[in-house]
Peer 1: 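Can you read through this structure? Questions will come right after.
Letters go in sequence order (proteins before strands), and every chain restarts at 1.
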Protein chains: 2
Amino acid sequence: MGQDGIDLETSLGYLLKEASSALRLAMEEVLRPLGMTITHYSCLELLAQRPGLSNSELARGAFVTRQSMNVLLQALERDGYVTRPAAPPVGKALPTRLTARGRRSLEKATAAVRSVESRMLEGLSAGDQQEAFRMLTSMVRSLREGPTPG
Amino acid sequence: MGQDGIDLETSLGYLLKEASSALRLAMEEVLRPLGMTITHYSCLELLAQRPGLSNSELARGAFVTRQSMNVLLQALERDGYVTRPAAPPVGKALPTRLTARGRRSLEKATAAVRSVESRMLEGLSAGDQQEAFRMLTSMVRSLREGPTPG
DNA sequence: TGACCCATGTCAGTATTCTGACATACCTTT
DNA sequence: AAAGGTATGTCAGAATACTGACATGGGTCA
C-alpha cells in the first residue's frame, strides 16, 4: 500500500517554491516598467560584477540554458547594451561587456530590485538572515550532490 | 552617482533563486522518467490533498496562471487522470477529482519527490528546518504585502 | 430590479525557455 | 601526432507558460 502524499502545508520544498514565486512576481512587477525581464536584469547584473563573462557562464549564473542566454545576448548586443568581440580571443568563448548604455539601464533596475529584496527581508533580523543564508546554501549543496548511493 | 550593484555572492534573493532552481532541476530529473512535469505533478498532489479544487484554485496552488492550468487539466482529463463534471454545480467553477489512474500515477511521483526533498534537507536539523520554515513564511508574507507606502 | 464589480472558464496569439543537434576549440591521454 | 572527452557557440524545432480578450455566474449596493 502506498504512502500518503506530501503535506504541502508543511513541506519546505513547496514553501521554497512559494517564496521563489513571490520573489519572481515582485521582481517582474518592478522591472516591467523598465522594459526588463528577470533574466535580462540578471545578465546585466552579472556582467557588472564580473565583466568578460561568456555566454555559457552567464547562463549558469542566471539559471537558464546557454541557448536561452544566447538569444537574449544577441538582442542585448543588437540594442547596444553589451558588446562582444567579433572573434574569440581564446577558445570559442566570447567575453561580454556592458556598454555605457547597459550600465545606465542597470542602475535603475538595481535600485528597483534592491527595494524588493529589502521588503522581503524586513521581518528578519540580521541573525535570521545569516541563518537563512546558511540553510539555503546547505540545501543547494545537498541537491547538487546527486542521489545518495546508499 | 549611482550605487553599486547587488552583491550576488551574499544576496539572499539570488540564493533563494539558486535553491529554487536546484530543487526544480532535481525534481525534473526524477519526474522525467515518469513522463511528468513539475506542474503536472503539483496538480495531482494538490488534488490528492484537496479533492474538488477548481481550475483557478489549482493554478494558484501550482504558481501558474489559470490559463496554463486549464491547458494541463484538459490534457489530464483527456488521458483519464482527472474528472470534471460536464456542468458546474454552482457558479462557473468545475470541481476536479483524481481518478484511480491519477492516484496510481501520483504514488510513484510522490515517492520520487519525497526522496528529493529528503536529500535537500539532509544537512539540516529538525530545529533548522523549523527556522527555515519560519523565515521563508516571513519572506512570502512581506513580498505579498506590496511596497511599503512610507 | 438594475448597475457594478469580481472571479471563473476558455479561446487565441505571443513570448520565453527548453531539448536536440552540429561544428569547433581546448585538454588529456595514449 | 592521434584519439577521446569536455566545453562552447549557435541553429532549429518543440514544449511550456504568459498576456489579452470575451462571456458567464454570483455577490453587493443604490
Peer 1: Check the interface with nucleotides 13-16 of chain D: list each N/O to N/O pair with the protein under 3.5 Å, or write none.
Peer 2:
none

Peer 1: Applying a 4.0 Å non-hydrogen cut-off, can you work out what A:Leu94 is touching in the nucleic acid: base, sugar-phosphate, or nothing?
Peer 2: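 Since only primed, P, OP1 and OP2 atoms lie under 4.0 Å of A:Leu94, the category is sugar-phosphate.
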Peer 1: Below 4.5 Å, heavy atoms only, C-beta onward: do A:Leu31 and A:His40 meet side chain to side chain?
Peer 2: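 No, every pair of side-chain atoms sits at 4.5 Å or beyond.
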Peer 1: Using a cut-off of strictly less than 4.0 Å between a heavy atom of the residue and any atom of DNA chain D, enumerate the qualifying residues of residues 54-61 of chain A by number.
Peer 2: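 Contacts with DNA chain D under 4.0 Å: A:Ser54, A:Asn55, A:Ser56, A:Arg60.
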Peer 1: Below 4.0 angstrom, N of the basic side chain to O of the carboxylate: do B:Glu107 and B:Arg103 qualify?
Peer 2: no
Peer 1: Test: ring pair (Phe, Tyr, Trp, His ring centres under 6.0 Å). Region: residues 3-39 of chain A. Which pairs qualify, not counting sequence neighbours?
Peer 2: A:Tyr14-B:Phe63
Peer 1: Any idea which heavy atoms bring A:Ser105 and A:Met36 closest together, and the distance?
Peer 2: OG-CE, 3.0 Å
Peer 1: Determine the minimum heavy-atom distance between B:Ser54 and B:Glu57, stating which atoms define it.
Peer 2: N-OE1, 2.8 Å
Peer 1: Hydrophobic clusters here meaning ILVMFWY residues chained together by side-chain heavy-atom distances under 4.5 Å, can you tell me if A:Met69 and A:Leu46 are in one?
Peer 2: yes
Peer 1: Charged N to carboxylate O under 4.0 angstrom, A:Arg134 versus B:Asp128?
Peer 2: yes
Peer 1: At the 4.0 Å heavy-atom cut-off to chain A, mark where contacts on DNA chain C begin and end, going 5' to 3'.
Peer 2: C:dT17 to C:dC26
Peer 1: Residues from residues 74-92 of chain B sitting under 4.0 Å of DNA chain D, heavy atoms only?
Peer 2: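 Hits under 4.0 Å, by residue number: B:Gly91, B:Lys92.
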Peer 1: If we fit an axis to the first five pairs and another to the last five of the helix from C:dT1-D:dA30 to C:dT30-D:dA1, what angle do they make, to the nearest 10°?
Peer 2: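 The helix from C:dT1-D:dA30 to C:dT30-D:dA1 shows an end-to-end axis angle of 30°.
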